[in-house]
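Here the structure comes first, spelled out in structure tokens, and everything after it is commentary.
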Amino acid sequence: MTTAIDLRSDTVTRPSPAMREAMAAAPVGDDQYGEDPSVNLLQERIAGLLGKEAALFVPSGTMANQIGLKILTRPGDEVVLGHEAHIVWHEAGAGAANSGVQFAPVGRGGLFTAADLRAAYKPKGHIVFPPTTLVALENTHNRGGGVIFPQAEAVAICAAARALGMASYLDGARLFNAAVALGKSLAELAAPFDLVSVALSKGLGCPVGSVLAGSRELIAHAHRARRMFGGAMRQAGILAAAGLYALDHNVARLAEDHANARQIGERLAAVPGVELDLGTVQTNIVIFHLAAQMPDAAAIVAAAAEKGVLVSAFAARTVRAVTHLDVSDEQCRRAGGLLAAVIAAARKPGR
Ligand SMILES: *Cc1c(COP(=O)(O)O)cnc(C)c1O
């Protein structure tokens, strides 16, 4: 069999030969002395792109989120966020373990409104309430199917948060996808927020890394938290160089990933037994649910793997496919057809 078409995640990409060359050639130094020129340049460039004063390179998106929770809350605080946020579902319980916070998910499909925030808000100094001190948005929203957070609502939410004395955080692991899909700048999307993270290891195709950006003061706090969490590195310029390469070569092409996801989504939405809201297929993620008469997600994922298409069982009856720079439009067309055939064959007869 030919090699599988791997749509499990946009994290499966491997650094290209040109990216590896850039990594091998990177000037480096000890980043904990602030002496790694490649890390410093990456941080400056991302801070500039996001319109923030300063930025900090960290090993993963999870660490970026955990540093955000650590420096923007105190133990016992409550964090308002969208349903099925990465922070709640995919970080191994770290928010509770590291920062002692509890979560109040609001809204639907990863999106929510300023009214939802106000309704969930619990004031400081109350005798029984946990104080709501942070609101966290995710753009694009992973478990919501790669949906883009409506910018006007993000602006309203952050304004409401500020008026209530709360901080705001943006998990922008896929903010580059949102920016390309909307044709808006990263700075515009990041502007309402106190602290923002972006990932290099998702659609940008780097092997490692995320970057946090915010005010000089917040990034100084983040610096200490990164050290506390064991994420301070030394000659990390080898990794940062991949990020610099990706900023120059892998951003505009995200539009191809979006077109490929759209093509897969349209193919699958027409298949009986598939519940797929094409309105959610806005970027590089396709999430669909299996109707009651269908086998569960694990069975469909296993059957697809036998045909050479790798996708993820995201919940009992939910499947996710993600497009990225290591799959071509031809491969995505083939994957859509193979998935459709697998699902049609798995449908129980007579229904
Ligand atoms: C992948 C992802 C992260 C975490 O990134 P890792 O580098 O895998 O830790 C955070 N937030 C969102 C929305 C993600 O999709």
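Since we're looking at a predicted model, the values are computed, not measured. Residues: numbered from 1 along the sequence shown. In each ligand, atom 1 is the first atom listed, and ligand 1 is the first ligand listed.
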Ring geometry between Phe112 and Phe149 (parallel below 30°, tilted from 30 to 60°, perpendicular above 60°):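 Perpendicular, since the angle between the ring planes exceeds 60°.
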Kindly identify the option in His90, Arg174, Arg143, Lys202 whose heavy atom sits closest to atom 14 (C) of ligand 1.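 Closest candidate by heavy-atom distance is Lys202.
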Arg227 atom CZ: more than 12 heavy-atom contacts under 6.0 Å: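 Count not over threshold, so no.
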Whether Arg162 and Asp194 form a salt bridge (side-chain N of Lys/Arg under 4.0 Å from carboxylate O of Asp/Glu) is what I want to check.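 Yes.
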Ligand 1 versus Asn65, non-hydrogen atoms closer than 4.0 Å: side chain, backbone, both, neither?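 The answer is the side chain of Asn65.
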Does only the side chain of Ser60 get under 4.0 Å from ligand 1, or the backbone, or both, or neither? Count heavy atoms.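 Near ligand 1, Ser60 shows its backbone as well as its side chain.
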Protein residue, atom and distance nearest to [atom], heavy-atom basis:
atom	value
atom 6 (P) of ligand 1	Gly61 N, 3.5 Å
atom 9 (O) of ligand 1	Thr62 OG1, 2.6 Å
atom 11 (N) of ligand 1	Asp171 OD2, 2.6 Å

When you look at Leu117 and Met166, which way does the side-chain contact (heavy atoms from CB on, under 4.5 Å) test go after all the steps? CA-CA 11 Å; Leu117 171 61; Met166 299 168 56; 3.7 Å; yes
Numbering as shown, the atoms of ligand 1 that approach Glu138 to under 4.0 Å (heavy-atom distance):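 Atoms satisfying the 4.0 Å criterion: 13 (C).
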Using a strict 4.0 Å cut-off to heavy atoms of Asn142, name the atoms of ligand 1 that fall inside it.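 Atoms satisfying the 4.0 Å criterion: 15 (O).
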With a 4.5 Å cut-off on side-chain heavy atoms, are Tyr121 and Val80 touching?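 No. Closest side-chain heavy atoms not under 4.5 Å.
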Looking only at heavy atoms, which two atoms of Gln331 and Asp326 are closest? And how far apart?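 Heavy atoms only, the tightest pair is OE1-O, 3.7 Å.
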